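Note sheet for the following structure.
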Amino acid sequence: MTEKENKNSNGVSRREFLKDAGLLVGGTAIGSTVLLAACGDGDGTTVTKTVTEPGGTTTITSTGTGGIETTTVTERKFVCPYDNIEFDTLDELKAHIEAEHPGAAIGEFTELDINGTKYNVQVDNNWTLQRTLRYKLGLIGSSKDWCNQGACGACSVIMDGRLVLSCTLLTKDCVGKKIETIEGIAAAKHPVLQAYMDVEAIQCGYCIPGFIVAAKALLDKNPNPTAQEAAEALSGNLCRCSTTPRQVTAVLKAAEYLQGGN
Amino acid sequence: MAETPRYDTALGSVDLPDREEFKYVGKYHKVGYPSYPIVTGQAAYPRDLSMPGMLFGKMLKSTHGHCSITINDISKAEALPGVKAILTYESPEVQGLPGIGAYSTYPGATKMAVFSNEADFEGDELGIAVAAESEEICDEALKLIDITYTPLPSVINTREAYAEGAPTLQQSYEYERNTCEESLEEAGDVEAALQEAEYTLEYPVKCNQGYHNSASPITSTAWWGINEQGEETLFISGESQGTNSTTTVEMRQFFGLNYSTLRWVNQFAACSFGGRPYNRRIHLVAALLSKKAGGAPVKIAYSRAEECTELNWNLWGEGDIKIGFTDEGKLTAYKGEMYTAYGGRGSFQLHISYKNLHETHCENYSHLSHCVFTSTPRVSACRGWIAANLTLCTVMQRIAAELDMDLVEVYRNNLKSDISAPEVLRIGTEAFKWSDTVHKAGELQLPNGRMHGQTVALRGQESAGRIWSGIDLMLKGDGNVYLTTNRAHFGVYIEDAVALVVAEELEISPERVIPVFGHSFTTQGDFGTGWSSGGSTVSWVARRAALNLRHNILKFYSRTLRTPVEYLELKDGIVSITGSEFSVPIGTYASAPIIGSYLGKCDVRPEISTLNAIFCEVEVDTETGQVFITRWVGATDGGKVMRPSSYLGQVEGGLFWNHSTALMEEFISDPATHMHINTNSIEYKMPTTLDMPPIETPYVETRTSSGCYGSTGIGEEIFDTSIIIGAVHNAIGKWIDSEPITPDKVLKALGKA
């Protein structure tokens, strides 16, 4: 059954995405932890993604150029942790638990506002936002797992306009906050992405979403930063491959694009 | 036009005419093919993998510097709900398995058992592994296994491990004085040459060691399934550099698999440079657990602390050097004895070598190297042989300092290379403006009160022809040429560099050469590793594959248009008939793909040297002891630059690691317990955007190496731990031979602490 469907028919190459492609990564109901990311160029690739999570599974089919322009959530199950009975909606699961397992300890149902979409997720009180993004919502971009102690910046997100580290935040403390991840920044077609690709401030790429989120947080407040300001803003992020020297260049290029430069 | 000949798959035997004019190679830039999924957060690394029915795996880790275990009872763990498979060194499934070979051709290289009851260092995997429904259940199961630990003597210092009477650190090998390799390089009569030398000098060298410390802690998920031919197949998502890498070859031997039945499925891999992908116990254990669990995916994901103790990069070595030289700074004699920490079994067989001193005219030398087991994590290369070839730089620096000579002149007086060395020194000194600030040690104080220092290090390349590569190209009816790459992207953008070579040879726009991640069915060869060792071979092979495709395209149109090949022309993506107005874009009429492929590797030409000259400027605050690196110039001879951004990335990588090694990174073990202390990202420091100074990378293209168009890999020969030591000496007139160079060491050298 389809819980939510979100389509865009713009069939453009991924290179053109900042101009007019419909990129619906963060805007979809649920992202995914993928088996294989499609990044072929020019092929209309179809990718089926499945999120495995405690309490349910989600199957997502993505179709389109580059594999991510059209994303359709085709199935989502809510599973009772006590008897494994599946439900189609969260409300049905809640009712079942109240009726069949009164007083049972169960993870909190929490509403999160991520990239402008409201999510109801069920997590234990000790779950970090990083863990929720990754294992409940399948948003692997902004939940990169490097240090797990707030030292590397790989799991950076923007919360109510502030750059924060999702590995050091409890999910329950994020209720009522507006959270922005790399998927949302991509969906918004922010010029910082094109700047990073043009400058190629990328090597293996694992840490790059964290850098881009930090760059976007800076540019939101200061759209025309100096090199020193850019260096300071990104100094909480680590890169092992050594893209560090090009990070500032990418941020300055993004500022140029924001102001209408090519 | 004459038909393009077809090039048979071969080992470096096909010479092609050199190319003088380039339309795309070294010039054209387009967004790299992996960039888009990376910047949008879509790129899935092994760490990110999640699958239906996936189990989690964990291995027991040693909490001793060296120990063995005896299993008393595993029944409680087996009975724990959620546990799906347990393997121990006593399990029938692991009996008779071959050991994992070290990445070495040395005959005495040790084998590491996949499941062993002996741990070589704290954090080493012991031979018990569990697969369960969650990581928490795995942890609980490991706790429920009744084990008796027998602590064994451990030694972390190389000289202590080598000393007479040192405890045996490998119970199953019992090498004399824990020495697993001993090598002697010598020529001439070094003792006589030292006697006759106008000057002699003795000094110690010491190299620091660090964690590999990948951005993503190492992760592997393995499962058994069926491939498109219906064969039982092992699928793995894990860090590996290639389908034909050492890891893959060994795994095929383990399980009796072949190219089609062992598949690496991850398109992205984090920081899989250097020797990290060769540490393959994690992949083997995941595959064995999956087999026992009926083929279900088993994911083993190390923590940050486990990642730190899983692998160390390069060398923890020390030794003593004695040199003789003339008053013109010419090296006439060299005698060195080195002790290199090998770590635990399964390490790279690296040692501090004499290699780069072969670039000099010195004819009397003796270099004795001891490679010694220690109770420290396995050792691997990491973005280059960081310390392995420091000998040239330290010798030149010491001579220049002793004679108060310009270091650049000392290099010029000593190096044999008559093409690359003069060129990198000329271009590098001009870019650095070397002569504007050259000074004797400790003699230039800056207006800000800091002391100024500068240095240059030269390193020889050894990066062409080391590996095989297979390239599959496919022209489809849409006019695009698809370039199959069957190994994960890990940062070099080698596919995009290769695409430029293909475009150049086919005379089509680079926009029409499209890398595609997938399985190679034609050559069944590894696409090849990155820029450091493989780039030159990959591009060498790609050029031949492109010419084979060109040959096949012309054959196809000859048949289709019923026109002899010599009347056909292929230019700018158009096929035309000479003397006719007829022309069609390539791909037209191609109802089936036209294939061009090649499998081979280029010749190694050791007689030709290409070199890198790395210039560094520092400022030293003599009040606080802080060292500030203020400028880098990397004049690196890539032979021929293929893709400027990739070239720059490799140079930046080398300079970053120099910086990081010299000033920040330090693997610390507690001297009493031999436990690793700083296995986290807070206490283990790396440079950030606030630390890195400006980098200049002037092109040097001598076209003298054996890769495509005279290119060579550059990534491995930019690091040198002794660079910053020399720059700091030039600033304060003191040698600090222990890295990282922290303020306390500077103040101590200055007599202030």
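In this text, all values refer to a predicted model and were calculated from it rather than measured experimentally. So that the names make sense, note that chain A is the first sequence line, chain B the second, and so on, each numbered from 1.
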Open item on the list: Please list all pairs meeting salt bridge (charged side-chain N to carboxylate O under 4.0 Å, His left out) that have one or both residues in residues 144-156 of chain A, counting only residues at least two apart or in different chains.
Closed with: A/Lys144-B/Asp48, A/Asp145-B/Arg47

TODO: Among the options A/Cys207, A/Ser143, A/Gly205, A/Ala230, pick out the one with the most heavy-atom pairs lying under 4.5 Å from chain B.
DONE: A/Gly205

- [ ] Between chain A and each of B/Ala269, B/Ala301, B/Gly491, count heavy-atom pairs under 4.5 Å; write down the option with the most.
- [x] B/Gly491

Task: chain B contact via A/Ile212 - side chain, backbone, both or neither, heavy atoms under 4.5 Å - done: side chain

Open item on the list: Report which part of B/Ile682 has an atom under 4.5 Å of a heavy atom belonging to chain A: side chain, backbone, both, or neither.
Closed with: both

TODO: Answer with side chain, backbone, both or neither: which region of A/Ser235 has an atom nearer than 4.5 Å to a non-hydrogen atom of chain B?
DONE: both

Open item on the list: Please enumerate all residues that pass salt bridge (charged side-chain N to carboxylate O under 4.0 Å, His left out) together with A/Arg131, with sequence neighbours excluded.
Closed with: B/Glu136

Open item on the list: With a 4.5 angstrom heavy-atom cut-off, is it the side chain or the backbone of B/His29 that approaches chain A, or both, or neither?
Closed with: side chain

Open item on the list: Would you call the rings of B/Phe268 and B/His489 parallel, tilted or perpendicular, taking 30° and 60° as the class edges?
Closed with: perpendicular

- [ ] For A/Asn115 and A/Glu183, test the side chains for any donor-to-acceptor distance below 3.5 angstrom and give the result as yes or no.
- [x] no

Task: Min side-chain heavy-atom separation B/Lys299-B/Leu55 under 4.5 Å - done: no

Open item on the list: I'd like to verify something: which residue of A/Gln247, A/Gln228, A/Gln149 has the highest number of heavy-atom pairs under 4.5 Å with chain B?
Closed with: A/Gln149

